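Read the numbers this way: they start at 1 and go in the same order the structure lists the ligands and their atoms. Given the structure is predicted, the values throughout are model-derived calculations rather than measurements.
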Amino acid sequence: MGYVKLSELLARSPVDVPRLITERVRALGVGGVLKALGERLKGLDEVALDVLSALMVGRHVVLVGPVGVGKTTLAEAVAEILSLGDPPYVEVACHSHMTAVDLTGDIDIAVVLQAGLDHPLAYIPGPLVEAHGRILVLDEINRLNPYSQAALLQALQEHYVVVRGYRIRSDFAMIGTANPSEYEGVYELSEALADRVKFVEMDYPSADVLRAVLKWRVEEALRHIGVEVPDYVIELAAKFAENLREAGAPASIRALTYSIAGAIAKSWAKGGDISLSELKRQIRANFSRQLRRDDADEIIDRALLKAANG
Ligand SMILES: Nc1ncnc2c1ncn2[C@@H]1O[C@H](COP(=O)(O)OP(=O)(O)OP(=O)(O)O)[C@@H](O)[C@H]1O
Ligand SMILES: [Mg+2]
């Protein structure tokens, strides 16, 4: 992307983003949007409609849910399907050390004074400014510290990003994601920010959807190896996930997928069919650190035993 002149940024007109989104939805048809989404995610039509309907009326959205339920994938997929610009959307992987300037970009006053507003180094762009007229995906928004939250809030409520006293117009629709079960490096969203977004809850998929998702993702991971994925393996992993959740522990689809794919790949490397003991070993390896609790191994073993017997 070439650099944008600061004088042009300062002269920018408002963009009616909810209207643009509605026009895109009309052009694609709601069925078309959901069909495109179905190529990436299963069983999330209702959640997607919650997101679309909020964006169409000018409400920002934060997807909230446990680890690995498809929050990031859904946010990116919706933004890409709507594709309001080129590139289709702007994304930030939020973290707790992010400064307001990381979001707004920065103006170098010395350069402006010496070389004028339109020198290539006068303004280093930031995502809040780049997202003008488009969707801004803020992945893990609850990692933003209060300072960067304040910069975001200002952009959301005033539709201007203020950089070193210069006001740059920015209209965007935000889709954030947040994982409430992770506490490390996580901040509460300020009340004022929370008041400006619709929280859309995402949960684990139903047993049937989980089986379908696992089969799909595992086959995808193994495609280039060219090995079969036996149904009983998917079945066992899905039951394990159910038991784990009943025990109050998260069962990430990602960790499940790679436990199964890893077990099958390793068995292939050893020249045999997948063995249950290998699958269990991979499940333990993938989940024990993730659960981050002292009794993780016991919970995993109990959930595995119940799955194998049930
Ligand atoms: N409903 C679903 N259909 C298809 N794939 C899914 C579904 N849910 C999750 N996945 C797959 O699981 C993986 C994890 O998804 P993703 O990274 O979007 O989850 P997340 O909720 O953002 O996780 P985290 O909390 O770790 O950030 C991806 O490979 C994704 O494609
Ligand atoms: Mg994510």
**OP:** Report yes if the side chains of I141 and V92 come closer than 4.5 Å at any heavy-atom pair, otherwise no.
**Re:** no
**OP:** Could you list which atoms of ligand 1 come closer than 4.0 Å to a heavy atom of R217?
**Re:** 4 (C), 5 (N), 11 (C), 30 (C), 31 (O)
Subject >> Derivation and outcome, side-chain contact (heavy atoms from CB on, under 4.5 Å), residues L9 and H132 >> reply: CA-CA 10 Å; L9 290 178; H132 184 56; over 6 Å; no
Original post:
Of all the atoms in ligand 1, which lie at a distance below 4.0 Å from a heavy atom belonging to G70?
Top reply: 8 (N), 9 (C), 15 (O), 16 (P), 18 (O), 19 (O), 20 (P), 21 (O)
**OP:** Say whether, by atom type as modelled, one donor and one acceptor occur between the side chain of R217 and the main chain of T257 under 3.5 angstrom.
**Re:** no
Subject >> Ring centers of F287, F240 separated by less than 6.0 Å >> reply: yes
**OP:** Please answer whether the main-chain N or O of L20 pairs with a side-chain N or O of R24 as donor and acceptor at a distance below 3.5 Å.
**Re:** no
Original post:
Can you find a side-chain donor-acceptor pair between N145 and S96 that sits under 3.5 Å?
Top reply: no
Original post:
Looking at ligand 1, does T177 have a heavy atom less than 4.0 Å from it?
Top reply: no
Original post:
Does G68 come within less than 4.0 Å of ligand 1, judged by its heavy atoms?
Top reply: yes
Subject >> Axial cation check for Y160 ring with R167, 6.0 Å and 45° limits >> reply: yes
Original post:
Taking atom 1 (N) of ligand 1 as the point of reference, which of K71, K42, E76 owns the nearest heavy atom?
Top reply: K42
**OP:** Mind checking ring pair (Phe, Tyr, Trp, His ring centres under 6.0 Å) for F172 and listing every partner two or more places apart, or none if nothing turns up?
**Re:** none
Original post:
Which of the atoms in ligand 1, numbered in the order shown and given with their element, are less than 4.0 Å from a heavy-atom of E140?
Top reply: 27 (O)
Original post:
So is V69 polar-close to ligand 1, meaning N/O to N/O under 3.5 Å?
Top reply: yes
**OP:** Would you check if the side chain of K239 reaches a backbone N or O of L304 as a donor-acceptor pair within less than 3.5 Å?
**Re:** no
Subject >> Sphere of radius 2.8 Å around the Mg ion (ligand 2) - protein N, O or S atoms inside >> reply: T72 OG1
Original post:
Thinking salt bridges, do D297 and R284 make one under a 4.0 Å N-O criterion?
Top reply: no
Original post:
Hey, does W216 come in under 3.5 Å of ligand 1, counting only N/O atoms on both sides?
Top reply: no
Original post:
Do NZ/NE/NH1/NH2 and the carboxylate oxygens of R40 and E76 come within less than 4.0 Å?
Top reply: no
Original post:
How does V213 reach ligand 1, by side chain, by backbone, by both or by neither, if only non-hydrogen atoms under 4.0 Å count?
Top reply: side chain
**OP:** Answer with side chain, backbone, both or neither: which part of N179 has a heavy atom less than 4.0 angstrom from an atom of ligand 1?
**Re:** side chain
